[in-house]
Amino acid sequence: MADNQRVEDEKINKFLLKLWAGITVYLMGNAIAQTLVLKTASFDDAEQLLLTQNWSLGYGDQPPLYTYLAKLIFIITGPSLLGLFILKAIIISLLASAFLLIGKELRFRKDQHIASLCGLTLIPQFTWSSQTSLTHSVLATTIASYTLWLLIKLSKNPSRLDYWAWLGVFVAGGMLSKYNFALFLAGLTTGSLLVPRIRSLFTQRGMLVALGSSLILLMPHMAWIASHSDLALSGIRDAKTTNLPAVAWPFIGFGVAFAFLSPFWIAALALIWPERLKLLIAEPSKEPAKALIQRLPLVMVGSILVIITVVTRDVIPRSHWFQCLLFFTPISAASLLPSIPKTRAKWLTATALAGAAATTAIMVGGIALAGITGKSRVRNQPTSELISSLRKSYQAPDLIVTDSIFLAGNARLAFPETTVLDLPKEEGQAQENIANHKTLKGKNQRILIVAATEEDLREIENRVIRLDPSLHQLSHDSKTSQYYWAPSKELTLFFAWLSNSS
């Protein structure tokens, strides 16, 4: 009997390895395809290109871990879109791996593994947004999945202190990825308290090991937050509000969460409804990990609604906030499934593959066919190319200054060897950034100013000169170029060169 089980486990392991390898190849293919088509960074990618110029304990309203990883990738690839796309592919591939690892701990059958991964692909936030625009949310979700996996492993073997130490590392990593990871921890803790065997983990001595390893990693960033609280909290402060009565706030949050899970919930309902009388409801005393997984969606939704009512209140939730809060719903749905007919499993697989293929086609084709569809995007703009074209007439600047993160990131693509400065709208912060900038402390320095309009150019130029009166204008110019694959549209950028040389 044991030999039969070992043979079956080996078959499952080989299948899962092939499945994960296929997903990884698909993701890497998308990364390369995007690099071949795209030459302009979107806002989130441009932000990472800008922030990775320096090591810092914090970067604005987002924690620093994603930027650290991007900076490490750039050591190999240089500041590039390829590096950023590869990083996203690796993170999403690790997320898929975590799904398979959790499924193995729950003793999933082959069809349950397929159902959980197909469910993941049917949530557009993971198949589309994670590959095209999102950064911190994807990383936080992947770390949340491994946190859940480690908790399940600890429920089976609570004496492993190395597991506890790694749990603390992942908790710290999640908090250093995105602050709403704290809400995931709150929901996971609440769900764990509902399952006696998992609840007992909170009295284990290993919990001190987890807390210690987590605090050691979090303390530097916590110190940074203490001295930059306004900056760290600016994201939630600047978010859009509903201006509706309090009774409407939870309904708005529920609506956004429901939209986040579309169309996954339709496929899940189609799978579960025919088997509604045979669902595998886990008994907490016998299958504590599976019981946790099955209770977690309702517990997490309840936690989200409480947080909305008490903390975020009338702030309109953004759909990507739910990535690390509801990522496990496909696993929860798969854990309920009895053995399903092969035809239904094939239907689900075909649906997921069609969605993945459509994602690739739209991701790449949507840019390349902008001239036909008439729907050009930011990435159709020749922003980086226009800035790079200055190399033909001028030597590389010592410093590039702009007032747009988007322009600043793309300027770094054009001049990766040059420091790029995003000039904040706040005059005091701008003065601090420029006054401390090493390139303004010497002589014979050349500064390039890049702007989207002449008015912006003059404003930036005046602000920089006010901060350093020794600077004067050398030249003023503009350049225009057609959009990529959309020649009916043109982009114009405005440039000014400053110098403090005599």
Side-chain angles (χ1 to χ4, degrees), residues 95-96 98-103 105-106 108 112-126 137 140-152 155 174 180-199 250-273 275-276 279-284 287-309 317-338 348:
L95 174 61
F99 264 55
L100 298 177
L101 290 172
I102 292 172
E105 293 297 327
L106 300 177
F108 273 5
Q112 288 177 301
H113 280 294
I114 292 174
S116 67
L117 276 181
C118 289
L120 183 68
T121 64
L122 292 174
I123 300 177
Q125 280 286 324
F126 295 113
S137 294
T141 301
T142 297
I143 293 178
S145 65
Y146 282 94
T147 304
L148 178 58
W149 171 63
L150 268 176
L151 184 66
I152 292 173
S155 70
N180 71 339
F181 186 86
L183 181 52
F184 165 75
L185 291 179
L188 184 61
T189 301
T190 304
S192 299
L193 294 175
L194 299 178
V195 182
R197 192 183 300 181
I198 298 182
R199 181 172 65 233
F251 291 101
I252 294 173
F254 182 80
V256 176
F258 191 73
F260 167 82
L261 291 174
S262 298
F264 156 74
W265 68 268
I266 300 175
L269 189 62
L271 274 180
I272 289 175
W273 183 253
E275 313 295 338
R276 61 191 180 279
L279 295 181
L280 305 178
I281 307 297
E283 186 177 334
E287 298 178 292
K290 191 173 290 187
L292 170 64
I293 287 291
Q294 293 178 356
R295 287 158 174 73
L296 204 52
L298 288 177
V299 171
M300 191 64 70
V301 168
S303 301
I304 291 170
L305 296 182
V306 169
I307 294 295
I308 287 174
T309 304
R318 299 175 183 174
S319 57
H320 64 267
W321 292 354
F322 291 99
Q323 271 210 12
C324 77
L325 306 181
L326 296 174
F327 71 90
F328 48 78
T329 49
I331 303 175
S332 302
S335 72
L336 293 167
L337 283 177
L348 180 63

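The nearest pair of heavy atoms linking Q112 to A334 is NE2-O, 2.9 Å. Across all non-hydrogen atoms, the minimal contact from R199 to L193 is NH1-O, 2.7 Å. The nearest pair of heavy atoms linking F99 to P330 is CE2-CB, 4.1 Å. For the residue pair P284 and R295, the shortest heavy atom distance occurs at CG-NH2, 3.5 Å. Heavy-atom minimum distance, L183 versus M300: O-SD, 3.9 Å. Counting all heavy atoms, side chain and backbone alike, N180 lies closest to C324 at OD1-SG, 3.6 Å.
A distance-only check finds no donor-acceptor pair linking the side chain of E275 to the backbone of L336 [under 3.5 Å]. At least one donor-acceptor pair closer than 3.5 Å links the side chain of S332 to the backbone N or O of I293. In this structure a side-chain-to-backbone donor-acceptor pair under 3.5 Å is present from Q323 to Q125.
Applying side chain to side chain contact (heavy atoms under 4.5 Å, CB included) to S145 and the options L150, I331, L95, L101 leaves one that passes, L95.
Here the CG-OG distance, from L120 to S116, works out to 8.0 Å after rounding to the nearest 0.5 Å. Annotation: the span from L188 atom CG to F181 atom CZ amounts to 8.0 Å, rounded to 0.5 Å. Of the inter-residue distances, the one linking W149 atom CH2 with L106 atom CG reads 12.5 Å to the nearest 0.5 angstrom. Taking CZ of R197 as the start and CG of L292 as the end, the distance is 12.5 Å to the nearest 0.5 Å. Residue L326 holds its CG atom at 14.0 Å from CH2 of W321, rounded to the nearest 0.5 Å. The distance from the CG atom of L325 to the CZ atom of F260 is 8.0 Å, given to the nearest 0.5 Å.
At least one side-chain heavy atom of L305 sits under 4.5 Å from a side-chain heavy atom of V301. Side-chain contact between L122 and L348 is present, with heavy atoms from C-beta onward closer than 4.5 Å. In this structure, P124 and S262 have side chains that are not in contact, with every pair of non-hydrogen atoms separated by 4.5 Å or more. Considering only heavy atoms from C-beta on, I272 comes within 4.5 Å of L337 through its side chain. For the pair F322/I304, a side-chain contact is recorded, criterion being any heavy-atom separation below 4.5 Å from C-beta on. You'll find the side chain of L151 stays beyond 4.5 Å of the side chain of T147, heavy atoms only.
Side-chain rings of F327 and F184 approach one another, their centers coming within less than 6.0 Å.
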(message) For C118 and F264: C-alpha separation, side-chain torsions, deciding distance, then whether side-chain contact (heavy atoms from CB on, under 4.5 Å) applies.
(response) CA-CA 9 Å; C118 289; F264 156 74; over 6 Å; no

